[in-house]
Amino acid sequence: MVDFKAVQDKWQKKWKEEKVFEVDIDPKKEKFFINTPYPYISGSLHIGHARAVTEVDVYSRFIRLQGKNVLFPMAFHISGTPVLGISLGIQNGDEKKIAQYKEYVRAYVSNEKEVEKIVQSFVEPWNIVNFFIPKMKEEYSSLGLGVDWRRSFTSGDVEHQKLVEWQFHKYKEKGYLMQGKYPVLYSKTLKNAVGEDDISDGDTNPVEKKEFTLMKFPFGDAFLVIATLRPDTMFGQTNLWVNPDISYVKAKVNGEKWIVSRQCAEKLSFQDKKVEIIEEVSGKSLLGKSCKALHKNSELLILPYKGCKPEIATGLVISVPSNAPYDYMALKELQDSAQLCQKYGLDHTKIKQIQAISIIESEGFSSEAAKEICARMKITSLQQEKLLEEATKEIYKIEFHTGKLLSTCGKYAGKSVQHAQQMIIEDLKKEKKADIFYETSRPAVSRDGGEVIVAIMDNQWFLDFNAKGWKKEASQSLKSMEIVPNKYRKQFEDVFEWLDKRPCARLRGIGTQLPFDTKWVIESLSDSTIYMSLYPIQERLKKYKVTGEQLTPEFFDFVFLGKGKVADLSKKLGLKSSELQDIKDNFDYWYPFDQRHTFQPHLANHLSFMIFAHTACFPKEKQPKKISFHGLIISEGMKMSKSKGNVVTLMDLNKSYGADAFRAFLCNSTSVDAMMNWQSSEVEKTKKHVENIFTVVEEMTKNEREGTISNKAFVSRVEGLIKRATLSLEEMNLRDYSNVVLFDLLREYQRVARLGKDLPAIHYYLSTRWVPMLTPLCPHYAEELWALSKNKGFVSTASWPKYNEKLIDEKAEFVEETIESFVDDVREIQKLVKKEKLSKVVVILAPSWKYTFMKEFKKEFAKERDIGVLLKKVMDKEHAKEITALVPSLVKNTSKIPFVVLTQKEEEAVFKEYKAQLEKKLSCTVEIVCAEKSAEAKAQQALPSKPAILVQ
RNA sequence: GCGCGGGUGUCGGAGCGGUCAAACGAGCUAGGCUUAGGACCUAGUAGCUUAGUGCUUACGCAGGUUCAAAUCCUGUCCCGCGCACCA
């Protein structure tokens, strides 16, 4: 029994020792530079990470076998907040995080004390990076990847940082950067912007920023300020709600006096407003008074509603009982209860006069939407909060998309809700009656327990994709790029269309400082858009010990853009001219990259930014050439997640299946761009199958000798398969390619082996092709088989077999199929007549004229489908009756038309040639006659390649 | 809501105007090989019918275009993903 694990280890070691995948400039060879996004450091690698790299490896190994100089590099991403988050978590004694990282470390380190020590060291982010990167490299290598690791780096390395600085200088020069106001989620205690991973449960229950419209209702010398998501319902406003149990504040906000909740006043101070609290105003004191409406000259009564929460928005709520279920119920409660009104000292009759105003009609609701939905959902009380919430959402959803404003809405009558909303906001803002207020979509706290609110940054750095000419250039670049599959091109175009301004720096996280405003750190998606340009030169930078100080913008201008003179730069930087030139030569040889293979969801962000970044930084000839996509990977039918326990790590993989089985499964289970479902039971089967192939080929190599093969059909089919595999791989159709090497070739071999003829020659012929063809998919086993055949060197760097078009012989294949289907038919008949044993089979070949007819018919059928016309064209008086019957049936069932039409003589020769074989197979005598010489009625049925059969 | 992708047998999935109940794989059934097999090999696997290679039926649902549609068009239902400051 072969020790497959040992085979894998052996070849991985040899590849490394002999530096098989360390590539350099080779002027004799065409280069091919392929890459895939660098992984983020966050723990063990799993099969999700493995998909992209494995696909790249399979494809690039094919390209290598075709004789190109293939560069497949890999680096690591550490920018942003996640690594920092791990450090902070461990520093703050976050039990969950500590346990999680202990588990990760335990996978590599057995001594528990050591584990403890290592995890504690993670309070320093670089220790995390330095611990995991070697492990990740090892795990990647265990997949059998042909990566040139000399060129590896991290996004925190000085070379990378200097590159990004150069990039941002370029952006600045071109006017692609701008500063402006921007709302962000903000922690009051951290005094900083926060992202998903800084917020408690932020990953499972994301917090969004919601934009409210503030409406300012004049109230004495001040304004009562409410916040609403539905300014479009302004004309339905009937009253205002305050919470009678809390106190509000009157505050000076940018010079005006506003009445809002205390919490709101504080939030306003974070949102670009100057706030000064003047005095407290109790909710109770407002009851029964009224303020001025905004859209008409009337008063809105202030009524009590305990649902007004001071921590949400302004704590004051506008009432639209026609369309808001809450308002409808709250008003109804007051109107229905004189007692309640009395309690608050309100005039019940006055309240009873308040009527909902019809303002909007939609496809789901009449103008009394709130009333309707309450009835429909059986809402009878304000206590049914969940239902009320749901009802509100439902109405908003329908009205937003299908609602139209009615004639009660003044100049907005007839407008759609969506449209009116925008107009009303604009108009009110112009009249200074409204403002904007941001609120979180749910109450949230940062991990240290501090409240998360929305703050407006007034000097946020943006990348402005709409800056002059940028979009146009990027679109042009996209046009000359190959997109695989091409269906994603349209999506790129759409994304380019809506890309606008994007914040590109943050105040925290690991990364590169903005060179001209160093308190900002370049955001982690913006800092990883041109790093591929480092791969061609990184190894040289290390070799020549180039320091960070030497990696000035002029350096990159020279290496990347050819600006300046070597001699000058050499003097300036203190680097040898020859070294500088060598670095540049390396860049010029390898760049641009020929392909980037990526996860489809990167399209709208990373890949689009990458294209923009390249157009901003590099000339036309250095733009990316091809982008290819792969799909999602799920495990056992579900998204991979720790809680589901279905995460398969590369270590699991290596232990249970080995690289070659994994690679075979990955490529064979689904097409590259489709979602892939990892099922361990299926992988198990693939593993067995791959090992079986190994055994079969191994056996072949024991008895192989170059020689002639008489079976033309076999050779033809194999050549056809080589062609198919080649064409499939050229299109990166890994699934079809793997079908050929895993199944079709095996089947062909088994089929021909059964005949037992020319075996050594067949073995030689097949193994010299099959083994190289297997290499991209199962490189380890292929190397072993290559060595078993006493070949020299590595099959990894051997040649892909060339198919010989001349050997592809349709006729030979067709003849064999004819014989096979003949055998099937005999068996079928044998079953029908229930004869255990046959004594004789008579083959009655179709009469000669039918062959002539069929040939003619086939020719005509290629251009004409009309039965009437066809009949006229192929009519032959002598056989009119038969032809009249035959033509319609052939048109209806085209399967009766043979692929290749032989002549009667040829077909007779074929059957004679196979006579002995047939007799053996059917264990009876076989007699061959032509229909012309047969008196049998059956003879009538015979067709070319479908002889009539008589069994005895 | 907008954008994109998808709905085919027991399952994974091919096919994307014209040779086929539907590639290839898996599962299942029977047989073989074998000490054994969860290894491997052979055959079968929609239904009906038959001395035959025939018929009927499927490609989410409903229509349409065509001599011809799973494949093109229209409508409709369902599912997945993305909608930005997050790697």
Side-chain angles (χ1 to χ4, degrees), chain A residues 1 37 39-40 42 77 79-83 182 184-185 193 195-197 202-203 206 397-398 400-402 418 460 462-463 487-488 490-491 494-495 497-506 509 523-526 528 600-606 608-609 631-632 634 668-671 673-677 679 681-682 684-686 688-689 691-692 695-696 735-736 738-740 742-744 747 750 754 821-822 824-835 861-862 864-870 889-899 938 941-943 946-951:
Chain A
M1 194 61 195
Y40 196 86
S42 56
H77 197 203
S79 317
T81 46
V83 167
Y182 190 69
V184 293
L185 292 173
E196 194 178 282
D197 42 58
D203 45 346
K397 192 175 147 192
I398 290 176
F400 185 78
H401 296 292
T402 67
Q418 241 179 96
Q460 170 72 49
F462 292 90
L463 233 48
K487 66 180 177 189
Y488 290 120
K490 169 99 173 49
Q491 226 166 316
D494 293 347
V495 170
E497 195 65 35
W498 60 253
L499 274 177
D500 185 14
K501 291 174 186 53
R502 184 193 159 85
C504 61
R506 309 178 68 184
E523 180 268 331
S524 55
L525 270 183
S526 308
S528 51
Q600 192 271 328
H602 284 152
L603 191 152
N605 43 53
H606 166 71
S608 294
F609 303 158
L632 181 72
I634 60 173
N668 198 247
S669 69
T670 192
S671 53
D673 71 307
M675 177 172 78
M676 179 193 157
N677 186 10
Q679 286 173 286
S681 58
E682 298 289 315
E684 195 59 50
K685 282 160 200 152
T686 309
K688 280 180 186 143
H689 185 79
E691 291 174 359
N692 181 228
T695 317
V696 168
R735 183 180 225 263
D736 195 44
S738 70
N739 265 335
V740 172
L742 292 179
F743 299 106
D744 297 327
R747 201 172 335 101
Q750 283 164 347
R754 235 170 286 147
S821 79
F822 169 77
D824 285 347
D825 289 343
V826 173
R827 290 264 148 84
E828 186 73 15
I829 297 162
Q830 189 181 358
K831 231 191 284 174
L832 286 168
V833 295
K834 298 189 180 72
K835 262 194 179 171
F861 190 65
E864 179 57 60
R865 299 281 162 163
D866 189 289
I867 294 176
V869 180
L870 269 170
S889 95
L890 288 174
V891 173
K892 197 174 162 208
N893 188 352
T894 45
S895 68
K896 285 179 181 169
I897 307 167
F899 257 134
K938 280 258 161 288
Q941 290 178 8
L943 285 173
K946 278 279 174 202
I949 300 163
L950 278 176
V951 302

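Chain A is the first sequence line, chain B the second, and so forth, proteins listed ahead of strands; every chain is numbered from 1. Values below: all heavy atoms of this structure, side chains included; hydrogens, waters and symmetry mates excluded.
The partner of B:C86 is absent, by the rule that a Watson-Crick or G-U pair needs both atom distances under 3.5 Å. B:G44 is paired with B:C28 under the criterion used here, namely a Watson-Crick or G-U wobble arrangement in which both key atom distances are under 3.5 Å. B:G80: Watson-Crick or G-U partner is B:C4, with both key distances under 3.5 Å. Taking a pair to require two hydrogen-bonding distances under 3.5 Å in either a Watson-Crick or a G-U wobble arrangement, B:U74 pairs with B:A62.
Residue A:Lys946 is in base contact, counting any heavy-atom pair closer than 4.0 Å across all strands shown. Counting any heavy atom pair closer than 4.0 Å across all strands shown, A:Ala948 reaches a base atom. Residue contacts shown for A:Asp500 include a base, since a base heavy atom lies under 4.0 Å away. Among the protein residues, A:Leu499 comes within range of the nucleic acid bases, having at least one heavy atom under 4.0 Å from a base atom. As judged by a 4.0 angstrom heavy-atom cut-off over every strand, A:His77 is placed among residues touching the sugar-phosphate backbone only. Among the atoms of the strands shown, none is found under 4.0 Å from any heavy atom of A:Thr686. Residue A:Asn692 is in sugar-phosphate contact alone, with no base atom involved, counting any heavy-atom pair closer than 4.0 Å across all strands shown. Within 4.0 Å (heavy atoms only), A:Ile949 reaches at least one base atom of the nucleic acid.
Under a 4.0 Å N-O distance rule, the pair A:Lys685/A:Glu682 qualifies as a salt bridge.
Atom C1' of nucleotide B:A26 and atom CD of A:Gln679 are separated by 10 Å, given to the nearest angstrom. Between the CG atom of A:Asp736 and the P atom of B:C24 there is a distance of 12 Å, given to the nearest Å. Spacing between atom CG of A:Asp673 and atom P of B:G13 amounts to 12 Å, rounded to whole angstrom units. Taking atom NE2 on A:His689 and atom P on B:A26, their separation rounds to 7 Å, with Å as the unit. Taking atom NZ on A:Lys688 and atom C1' on B:G37, their separation rounds to 10 Å, with Å as the unit. Regarding A:Leu632, its CG atom lies at a distance of 18 Å from the P atom of B:C79, rounded to whole Å. The distance between atom CG of A:Leu525 and atom P of B:C83, rounded to the nearest whole Å, is 11 Å.
For the P atoms, the distance from B:G27 to B:C78 is 36 Å, rounded to whole Å. B:A84 and B:C11 have their C1' atoms separated by 38 Å, given to the nearest Å. The C1' atoms of B:C73 and B:A23 are separated by 28 Å, rounded to the nearest whole Å. For the P atoms, the distance from B:G13 to B:C83 is 24 Å, rounded to whole Å. Nucleotides B:G9 and B:C81, compared at atom C1', are 27 Å apart to the nearest Å. Here the separation of B:U65 from B:A14, taken at their C1' atoms, is 27 Å to the nearest Å. Comparing B:G63 with B:A70, their P atoms sit 15 Å apart, to the nearest whole Å. Atom name P, nucleotides B:U29 and B:C79: the rounded distance is 35 Å, in whole Å.
In plain terms, the two heavy atoms of A:His77 and A:Ser524 that are nearest each other are CE1-O, 3.2 Å. Nearest approach of A:His689 to A:Leu742, heavy atoms of both residues: NE2-O, 2.7 Å. A pairwise comparison of heavy atoms in A:Ala505 and A:Gln460 identifies O-NE2, 2.9 Å as the closest pair.
Distances shown here put a side-chain N or O of A:Ser671 below 4.0 Å from the OP1 or OP2 atom of B:A14. Using a 4.0 Å cut-off, no side-chain N or O of A:Thr670 falls inside it from OP1 or OP2 of B:G12. Phosphate contact (OP1/OP2 of B:C41, side-chain N/O of A:Arg754, threshold under 4.0 Å): absent.
For A:Arg506, the listed nucleotide lying nearest its side chain is B:A87; candidates were B:G38, B:G13, B:A87. Residue A:Gln750 has its side chain nearest to B:C41 when only B:C41, B:U53, B:A87 are considered.
In this structure, A:Gln600 and A:Tyr488 both approach RNA chain B, and ranking their closest nucleotides by distance from the 5' end singles out A:Tyr488.
Of the possible polar contacts, one joining the A:Ser738 side chain to the A:Arg735 backbone as a donor-acceptor pair under 3.5 Å is found.
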